[in-house]
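Report on the structure given below.
Throughout, protein chains are lettered first and strands after them, A, B, ... in sequence-line order, and every chain is numbered starting at 1.
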2 protein chains.
Amino acid sequence: MVNQNVENLNEVFHALANDTRRDMISMMATQERTISELAEPFDISLAAISKHIKVLERANLVERIINGRTHICRLNTESLSQATEWLHFYEKFWSKHFDLLEIELMKEKRKEQ
Amino acid sequence: MVNQNVENLNEVFHALANDTRRDMISMMATQERTISELAEPFDISLAAISKHIKVLERANLVERIINGRTHICRLNTESLSQATEWLHFYEKFWSKHFDLLEIELMKEKRKEQ
DNA sequence: AAGATAGTTAACCAGATAGTTGAATATGTA
DNA sequence: TACATATTCAACTATCTGGTTAACTATCTT
């Protein structure tokens, strides 16, 4: 788990590092949305919105279903849980300041072999 | 909770969007580290390391204790749990595709008043 | 076929990022 | 005091980001 999919994890966290994109994610959390629906609350050009969605797609956070001339965007939970897992893994330790991380890392290493 | 500390959340996710910095975090998870200790596994200049640590500090993920000529870096869990919370909040919904998010958002709103 | 609607693409721009090298600062040690 | 060690700072570079406008593609409607 740790050190796996490094590239995607970079892209996921990068995608999350922008409040416009996080807001878009929260919009999609309730239901699928078209591009113009996603664009509506923001005061930026459609071209800019289009780019934001591409960033989310590249991070595998969103998939797009083309339906005629409208594109429907839906969250892909897989990538997000990767990010969550990364955080969880370390959270266990830093929250209690245990020194068990090394043990846990050894377990992971053994699993990988 | 949602939409709170937007700026810091941007910085936290940005800090996490780089595997060098994530590796540094994992090093600090077990114990506090000096700058040179943090630098050791990486093949980049100390100046570059110094910049990475500044990014982590700006995101409030790390605090530095200056001890003579060595600087000791320690994780600050507060910021990290912010990020974790953000992910958790939405995870609840997208994992089950419930339509309860709006209800939950209303609750949050009421709490804020 | 003509016009409206939904979205993308290309070219551009200012500012940020991630790295470099070289010099500076500050503290410890002989 | 002189030297070594730990780290930062400044100036520079190439690339990425987030935005713009204008033009393009594709589909729907009349």
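The distance from atom CG of D23(A) to atom P of dG18(D) is 14 Å, rounded to the nearest whole Å. Atoms CG (N10(A)) and P (dA18(C)) sit 10 Å apart, rounded to a whole Å. F13(A) has its CZ atom 18 Å from the P atom of dT17(C), to the nearest Å. In this entry the distance linking NZ of K51(B) with P of dT13(D) reads 13 Å, nearest Å. Note: CD1 (I53(B)) to P (dC9(D)) measures 12 Å, nearest angstrom. L46(A) places its CG atom 18 Å from the P atom of dC24(D), with the value rounded to the nearest Å. Rounded to whole angstrom, the span from the CZ atom of R64(B) across to the P atom of dT8(D) amounts to 4 Å. We find that CG of L38(B) is positioned 11 Å from P of dT8(D), with the value rounded to whole Å.
Close to dT8(D), at under 4.0 Å from its OP1 or OP2, lies a side-chain N or O of S50(B). When the side-chain nitrogen and oxygen atoms of N18(A) are compared with OP1 and OP2 of dG18(D), one or more of them lie within a distance under 4.0 Å. Between S36(B) and dA6(D) there is no side-chain N or O to OP1 or OP2 distance below 4.0 Å. Contact annotation: T70(B) does not reach the phosphate of dA6(D) (side-chain N/O to OP1 or OP2, under 4.0 Å). Phosphate contact (OP1/OP2 of dT8(D), side-chain N/O of H71(B), threshold under 4.0 Å): present. One finds a side-chain N or O of H14(A) lying less than 4.0 angstrom from the OP1 or OP2 phosphate oxygen of dT17(D). Side-chain nitrogen and oxygen atoms of K54(A) include at least one within less than 4.0 Å of the OP1 or OP2 phosphate oxygen of dT9(C).
Here the shortest heavy-atom pairing between L61(B) and L80(B) reads CD2-CG, 3.3 Å. Here the closest non-hydrogen pair linking L16(A) and R22(A) is O-NH1, 2.7 Å.
A distance of 12.5 Å separates CD in E37(B) from CD1 in I49(B), rounded to the nearest 0.5 Å.
When the nearest nucleotides of DNA chain D are assigned to I49(B) and R58(A) by heavy-atom distance, the more 5′-ward of the two goes with I49(B). Comparing A48(A) and A47(B) along DNA chain D, the residue whose closest nucleotide (by nearest heavy atom) sits nearer the 5' end is A47(B).
Counting only N and O atoms by type, the side chains of D19(A) and N10(B) include a donor and acceptor under 3.5 Å apart.
Residue side chain R69(B) does not reach the base of dT7(D) through any donor-acceptor N/O pair under 3.5 Å, judged by distance alone.
Among the protein residues, T34(A) comes within range of the sugar-phosphate backbone only, with heavy atoms under 4.0 Å from sugar or phosphate atoms but none that close to a base.
Results of the side-chain contact (heavy atoms from CB on, under 4.5 Å) test with T30(A) over M28(A), E32(A), R33(A) single out R33(A) as the only residue that passes.
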